[in-house]
4 protein chains.
Amino acid sequence: MSDREDILVGDFPFVPKQERAQQKRNALLESGHMLFFSKGYEHTTAKEIAAHAGVATGTFYRYFSDKRQLLMSLLEDKLDKLLPPEPSWLSCDPEALLASLLEAHNDRLKEVGLRRVLPELLPKDPELAEVLSVARRKIHGRILSGLKQVSECGLTWKDLDMDTVTWSIMVLAENGPDKEKQSGKQADYHELAKVMCRMVFPPDILKKLRTEEKSPAE
Amino acid sequence: MSDREDILVGDFPFVPKQERAQQKRNALLESGHMLFFSKGYEHTTAKEIAAHAGVATGTFYRYFSDKRQLLMSLLEDKLDKLLPPEPSWLSCDPEALLASLLEAHNDRLKEVGLRRVLPELLPKDPELAEVLSVARRKIHGRILSGLKQVSECGLTWKDLDMDTVTWSIMVLAENGPDKEKQSGKQADYHELAKVMCRMVFPPDILKKLRTEEKSPAE
Amino acid sequence: MSDREDILVGDFPFVPKQERAQQKRNALLESGHMLFFSKGYEHTTAKEIAAHAGVATGTFYRYFSDKRQLLMSLLEDKLDKLLPPEPSWLSCDPEALLASLLEAHNDRLKEVGLRRVLPELLPKDPELAEVLSVARRKIHGRILSGLKQVSECGLTWKDLDMDTVTWSIMVLAENGPDKEKQSGKQADYHELAKVMCRMVFPPDILKKLRTEEKSPAE
Amino acid sequence: MSDREDILVGDFPFVPKQERAQQKRNALLESGHMLFFSKGYEHTTAKEIAAHAGVATGTFYRYFSDKRQLLMSLLEDKLDKLLPPEPSWLSCDPEALLASLLEAHNDRLKEVGLRRVLPELLPKDPELAEVLSVARRKIHGRILSGLKQVSECGLTWKDLDMDTVTWSIMVLAENGPDKEKQSGKQADYHELAKVMCRMVFPPDILKKLRTEEKSPAE
DNA sequence: GATGAATGAGGATTCATTCAT
DNA sequence: CATGAATGAATCCTCATTCAT
């Protein structure tokens, strides 16, 4: 890939094997993702994935031991990207924070893509279930840790269990945007953020937080 | 079927054909339900359902044209039972009301059983999606109508959109109890009810409601 | 069946079992015939035959040991009816005779109905093949015997083998009328009769025969 | 593929994929042909065909979408080979000509092999019927065209319809040789040729034709 | 005798996975 | 390493036949 190499070898297969391989692997992952999402896991054949990725059927099995493993690789990829950033409610407008939390949902569209296939597999695949469970616990933990910070400052409802609140936020965020077609009635982002904030902050405190948040900027 | 006959023949095999047939049909529905729930739709074969119901493979096809049709029958059965009763927040302790709403979830265990298979099929089956969508709209409408009553009395938060609140309640109720295994962290009923109430009522009004509710009993 | 019985029992199930049974048996045969003809043997189910005959599935098996046996019964019925009458070429206009031979084909429509299913079964069923073979030999024999009469009078071509001629007539008659759709070009009855006569009689003899034939009537 | 290569590599497994595939496809066609012929279409399973061709069940479906398609391919193959050569009655002994026409029957054994399954399928499969009809029309046309030549020279019977004669020849040729088992009485080639000639030529003309035909050779 | 529900073997077809080239 | 043909187990579904009522 260095200049010299280019000069020496010209255009000859200069893409290192590794790189080519990675390309193929990724193409397969992409194809798998898209096809699993659009047709479901069982209805997607290895042949299709390979064809869609532009490789031969057999090649699929050079990169993945089987269909399931491709799915697992997909999960590893995606689950990491799902982890929301450690939220710090105090440093910004809480509603704005939730905006980002819900915006993270855009990337979560992909996860939902995976959620599409999970119900199909979870009961048959305890390992998969475990992987997923771990991921959700991680997310839960991160949200909870943020809530605890504000909670310790006495800024949250005293009578609500932060654990339950955390769980509620998570569930609402997960089911929010794209479930619209199922419910017929879609939740709008802004209103949803307000409802979530209400679960966390008493109205007066929230008002103060939103005001203060502007001050530091001054 | 007359009284006398009953006395004379007791329970002797006189069950009418129709009844026998219904029994079998139900056995198949039951088996389908359980197997779809525990193994997923795709992983359940007609043969298995039949075997589990104690009949031969061919018998399955006497009662259902195929797996999908069994699922649809299951849905028709269950969806009706899912409709929560029109809630009247004023006539009782709101938290108690939510208790019942969440308790209705026990029956909903079955629905959740179905929900288990729905994500697997919804994208592939627009008809199914429509059926489900109608059902959810019905539920949403019923909850919302209850909220509007209290809202018109000025008892709810003025700054929250009741539609969004309705949707949140529905989602939380749906995902509540049995998702525990996926989230690792389970929501406890009582706390969940409190959170839900907070989305609807300002704390002082809720207190009043709960107190008043006792008065009539006095 | 006696008068007295009629008087005694009035209108009560007075159709003797035997008669009722015969009716059903015939209904089944009819239905079998029609369905085998229109859908083929393999594609016709016992259930269909029964339904079409207005009886229950099980009843089918009271009258016939199985589907095949119904077919055999059908054959016995039909094959007899196929036997053409002993032809006597001298007693009438040969072409008129062939008219009747070919007209007998109208009734043979039914046989052709059977021919429809035969190719399907012959290779699997040597017994059936034998039955059919016997029938064809019978027909062949009868035609041949007629030809021999005129042949012995020296009225036929001397250089043709009557056996072959017989066979040709039979084949042409069998494949004649209704095969039209397959050949696209249909044979017309009258012309076909002329061709057949040419295989048997020299033109001058035929002319004489047709003239003489009128004389006796005078 | 150069000469040298051939010499060097000999017959080493260099058979191109295509060739191997063709081999298999042909094996399947062969097996299908033989089995359809010996057991009938309905009684032959895809599995059997595959087994007989020495491949696995699934392989069958790589080459043919289903049983029916294999049959259609068979037809395409065979029907072309069935077309008899344009006959020219004047250039040779008519009976010799018919010899060849009937000898073409050897290849027709195969077609008859197909005819074996056709009656089974024709009524159920209009497309198949059409294909066959076209083929028969072609054959009919070719025979007729030959007859017209001699007819225009005034060499044929004046009172017979050449169309009907054509049709008769075709039918006799088609049903000739292998129907023996059904009729019990088989037509012998030579005699059959004589009968056919009689349908076309008056005896004296035929004699002349056969004599003339020798002169040119002198 | 009649009924029709139940049976289960059997055929068509698909697809994950392997392996010779 | 890539290829894609081959495999054959597994599924869906049908239907001839039986048998309890």
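It should be emphasised that the depicted structure is a prediction, and the values quoted were computed from it without experimental measurement. Chain identifiers are assigned alphabetically (A, B, ...) following the order of the sequence lines, protein sequences preceding nucleic acid strands; residue numbering begins at 1 within each chain.
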For this session: Ignoring hydrogens and angles, tell me if any N or O in the side chain of C:T59 forms a donor-acceptor pair with the backbone of C:V55 under 3.5 Å.
Result: no
Exercise. Can you give the dot-bracket line for DNA chain F, where a pair is Watson-Crick or G-U wobble with both atom distances under 3.5 Å, crossing pairs use [ ], and | marks a partner on another strand?
Worked result: .||||||||||||||||||||
Seminar exercise, completed: Ranking E:dA2, E:dA5, E:dT3 by distance to the side chain of C:A56, first place goes to E:dT3
Problem set entry | D:K47 NZ to F:dT7 C1', straight-line distance once rounded to whole Å | 13 Å
Exercise. If you check the D:Y61 side chain, which of E:dT14, F:dT3, F:dA16 turns out closest?
Worked result: E:dT14
For this session: For B:A27, enumerate each residue passing the side-chain contact (heavy atoms from CB on, under 4.5 Å) test, keeping only those at least two apart in sequence or located in another chain.
Result: B:A53
Problem set entry | Proximity to DNA chain F (any heavy atom under 4.0 Å), residues of residues 64-71 of chain B only | B:D66, B:K67
Exercise. Has the side chain of B:D125 got a donor or acceptor atom that lies under 3.5 Å from a matching backbone atom of B:L121?
Worked result: no
Exercise. Roughly how many Å is it from CZ in A:R62 to P in F:dG4, rounded to a whole number?
Worked result: 14 Å
For this session: Could you state the atom-to-atom distance from NZ of D:K39 to P of E:dG11 in whole Å?
Result: 8 Å
Exercise. Which class fits the ring pair D:H33 and D:F37: parallel under 30°, tilted 30 to 60°, perpendicular over 60°?
Worked result: parallel
For this session: Look at all strands and tell whether D:T45 reaches a base, only sugar-phosphate, or nothing, counting heavy atoms closer than 4.0 Å.
Result: sugar-phosphate
For this session: May I ask you to check if A:K67 and A:Y41 form a cation-pi contact, with NZ or CZ under 6.0 angstrom from the six-membered ring centre and within 45° of the axis?
Result: yes
Exercise. Taking atom P of E:dG1 as reference, at what distance in whole Å does atom CZ of C:F60 sit?
Worked result: 17 Å
For this session: Check every strand shown and say whether B:T57 touches a base, only sugar-phosphate, or nothing at a heavy-atom separation below 4.0 Å.
Result: base
Exercise. Do the side chain of A:T44 and the main chain of A:L35 share a donor and acceptor less than 3.5 angstrom apart?
Worked result: yes
Problem set entry | Distance in angstrom units between B:I49 CD1 and F:dT11 P, rounded | 12 Å
For this session: Could you tell me whether the side chain of B:Q69 reaches within less than 4.5 Å of the side chain of B:D66, counting heavy atoms only?
Result: yes
Exercise. For A:H43 and E:dA16, what is the distance between atoms NE2 and C1' respectively, to the nearest whole Å?
Worked result: 16 Å
Exercise. Within less than 4.0 Å of OP1 or OP2 of E:dA5, is there a side-chain N or O belonging to B:K24?
Worked result: no
Exercise. On DNA chain E, nearest-nucleotide positions of C:G58 versus D:G58: which is more 5'?
Worked result: C:G58
Exercise. In whole Å, what is the span from the CG atom of C:L28 to the C1' atom of E:dA2?
Worked result: 12 Å
Exercise. Do you see a donor-acceptor pair shorter than 3.5 Å between the side chains of A:H43 and B:E42?
Worked result: yes
For this session: May I ask you to decide whether A:R68 forms a salt bridge with A:E127, counting only side-chain N to carboxylate O separations under 4.0 Å?
Result: yes
Problem set entry | Distance below 4.0 Å between C:Y63 side-chain N/O and E:dA2 OP1 or OP2 | yes
Problem set entry | Spacing of C:E42 atom CD relative to F:dA16 atom P, expressed in whole Å | 8 Å
Exercise. Which nucleotide in the set F:dA6, F:dA2, E:dA6 lies at the smallest distance from any side-chain heavy atom of D:T59?
Worked result: F:dA6
Exercise. Going by heavy atoms in the side chains, are C:R25 and C:S73 under 4.5 Å from each other?
Worked result: yes
